[in-house]
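These notes concern the structure reproduced below.
To find a chain, count down the sequence lines: A is the first, B the second, and so on, and within it residues start at 1.
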Number of protein chains: 2
Amino acid sequence: MNALVFDGQLKLARDYPMPRAPEGESRVRVLRAGICNTDLEIVKGYMGYRGVLGHEFVGVTDEGARVVGEINADCGVCPTCLRGDTTHCPNRTTLGIVKRDGALAEFLTLPTRNLHRVPDSVTDAQAIFTEPLAAACEITDRIHIHPTDRVCVIGDGKLGLLCAQVLQLTGCDLLALGRHAPKLAMLRARGIATTTDAASVRGQFDVVVDCAGNAGGFDLARQLTRPRGILVLKSTFHGGQASSFAPIVIDEISIIGSRCGPFAPALRLLAQKLIDVDALTDSEFPIERGIAAFERAATRGALKVQVII
Amino acid sequence: MNALVFDGQLKLARDYPMPRAPEGESRVRVLRAGICNTDLEIVKGYMGYRGVLGHEFVGVTDEGARVVGEINADCGVCPTCLRGDTTHCPNRTTLGIVKRDGALAEFLTLPTRNLHRVPDSVTDAQAIFTEPLAAACEITDRIHIHPTDRVCVIGDGKLGLLCAQVLQLTGCDLLALGRHAPKLAMLRARGIATTTDAASVRGQFDVVVDCAGNAGGFDLARQLTRPRGILVLKSTFHGGQASSFAPIVIDEISIIGSRCGPFAPALRLLAQKLIDVDALTDSEFPIERGIAAFERAATRGALKVQVII
């Protein structure tokens, strides 16, 4: 089958072996898949992954159900799983990220319990956003955002735009700080206050969400967080960074790492049209032009690139 | 009066002006004061402070009350104070740390509301530990330690030894990781499990408290924290450090900065003999030998150096 593979280099494989679903798993014919910043980081060396890329998809099972799928395949029996933290199972594989071939291929397999039926009112192009929207919902799943909170989202990439929309629904006093006027205009059209001028943002936010996707985001986020406030870290990127930790102690800031989130609320928000994802699609490429799709996705300011399989 | 002053260099001043208590403040004749790692960091340039050093003290007010004092003098009227976060008042001064002469002098002044009477059962030498013990109590004030939690304290300096003792009182499953066998022996004598071998500590602690006081503590603490666990940062030190933040996001770790704490519970624990501080005193110096006291305090492995005023 066709598959976009990373083996130290990004390649289109035309005769990649078709997967078979082991017991407990289902095989999914992929309809389309999205390219995420994590995929771009993997191609730079992040996670040391080798295999089929991609973890955002919508597809059809061999039984004919249109589904999206949670990307972490857990063992279900270790102490971490039994505690309920299945997305942190130390034995997990992760679709297109850790030891499990991903979604940028004609077929994939996932544990059947990971799959969620897509409501009829959600299109394929919208369903692609279930996984990143779930990651945005992880913020409100992990911390309590009060409707009275002052909240700042840093970063107007795809994840930042989704996080801002999810946070808006709490009724909080929200500011989105980004670099790209056209992207921020999408948020403003929905009533969200925005700015491109970090220097003008004075303040003391109760909650700051770092979706900058680069090393500069953290220090800026820290400076904008009030004493005893919460800094939510959403960005994963390859490499380290230098920071002084004393201000975190002095201001008693809480830093909350936040990764994958729950699919069910993300699908509800999509079905109920409470989140606009249509404006977040950048372009569509057939899988045969997958390399070009990655090039487009890596272009500064690009929104979601979708690959039609 | 005699005072230990830092003006870019540590000096014993013999004719430092005697302080007068402004309205709302009380003057305290200092009986003795402790040297804290923060003082050692200030002498290296941390906080850019200039003035009389010292913030751990016991003394007697002009009215004859034996007191210890909370070190942050807040304005009481700003939004941060009105929210109850008085130790984070942006207008605050901090005894011997920010814009307020400290305790290593014959007299100091503090807002009267900052002072706490010392119970008769607590000696002067013990009362010196109220401030760092309060900082240890800040951990249990900010986060919920379950009696079923696995907890690791990194660092067997003065603060680490106090934090371990406070955490032991929760009934949690506690391990103290340090470098100095004699200090860890003090904890073992109280029934706390200890080790000097970081490499042997495999595991997955629900809560890790970093009292290492150096840049290496953070990465070790992160490695020992289970996914979705809590890493409490207690160390403040001069300078930055390089760390990869991706593991914090991937493991969804919560990092809690923790600084000054509440004096009332610290005094209760001292009065009730639930915390042993007697073993934590290293040596006593008269203020005339204050420079030597700082040298001793900066010696690797030194415990609390007390300065008799």
Side-chain angles (χ1 to χ4, degrees), chain A residues 38 41 46-47 78-80 83-90 92 94 97-98 135 138 141-143 204 206 210 215 217-219 221-222 225-261, chain B residues 38 41 46-47 78-80 83-90 92 94 97-98 135 138 141-143 204 206 210 215 217-219 221-222 225-261:
Chain A
T38 302
E41 292 289 324
Y46 176 66
M47 301 296 293
C78 70
T80 302
R83 192 172 68 218
D85 292 336
T86 53
T87 57
H88 293 277
C89 170
R92 72 184 179 275
T94 305
I97 300 175
V98 181
E138 179 73 353
D141 205 39
R142 292 214 69 214
I143 65 168
Q204 295 282 307
D206 300 295
D210 173 21
F218 179 77
D219 283 333
R222 205 229 335 117
T225 307
R226 72 158 168 85
R228 289 193 173 154
I230 298 174
L231 194 172
V232 180
L233 271 187
K234 290 295 305 182
S235 294
T236 51
F237 48 85
H238 189 51
Q241 66 182 95
S243 287
S244 172
F245 281 31
I248 299 165
V249 175
I250 293 172
D251 285 348
E252 295 193 307
I253 288 172
S254 297
I255 301 172
I256 308 293
S258 169
R259 184 174 41 103
C260 299
Chain B
T38 302
E41 292 290 324
Y46 176 66
M47 300 296 293
C78 71
T80 302
R83 192 173 67 216
D85 291 336
T86 53
T87 57
H88 293 277
C89 170
R92 73 185 179 275
T94 305
I97 301 176
V98 181
E138 179 73 354
D141 204 38
R142 291 214 70 213
I143 66 168
Q204 295 281 307
D206 300 295
D210 172 22
F218 178 77
D219 283 334
R222 207 231 330 121
T225 308
R226 73 158 169 85
R228 290 193 174 155
I230 298 174
L231 193 173
V232 179
L233 271 188
K234 290 295 302 182
S235 295
T236 50
F237 47 85
H238 189 52
Q241 66 182 94
S243 287
S244 172
F245 281 31
I248 299 164
V249 175
I250 293 171
D251 285 347
E252 296 192 308
I253 288 172
S254 297
I255 300 173
I256 308 292
S258 170
R259 184 173 42 103
C260 300

Is a donor on one side and an acceptor on the other found under 3.5 Å between the side chain of A/R228 and the backbone of B/H88?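 Looks like no, no N/O pair under 3.5 Å.
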Sub-3.5 Å donor-acceptor pair from the side chain of A/R259 to the main-chain atoms of B/I250, do we have one?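 Yes: the side chain of A/R259 pairs with the backbone of B/I250.
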Residue pair A/L233 / B/V249: nearest heavy atoms and the distance that separates them: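 For A/L233 versus B/V249, the nearest heavy atoms are O-CG2, 3.6 Å.
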Which region of B/T87, side chain (C-beta onward) or backbone (N, CA, C, O), has a non-hydrogen atom less than 4.5 Å from a non-hydrogen atom of chain A, or is it both or neither?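 Contact with chain A: side chain only.
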Looking at side-chain heavy atoms only, is the closest gap between A/E252 and B/D85 below 4.5 Å?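 Side-chain contact under 4.5 Å: no.
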Let me know if A/I253 has heavy atoms under 4.5 Å from chain B in its side chain, its backbone, both or neither.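 Interface part for A/I253: backbone (N, CA, C, O).
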Among B/P90, B/C260, B/G257, B/S254, residue most engaged with chain A (heavy-atom pairs, under 4.5 Å):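 So the answer, after comparing B/P90, B/C260, B/G257, B/S254, is B/G257.
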Residues forming a side-chain contact (heavy atoms from CB on, under 4.5 Å) with A/A221, sequence neighbours excluded: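 Residues passing side-chain contact (heavy atoms from CB on, under 4.5 Å) with A/A221: A/I154, A/V208, A/D210, A/L231.
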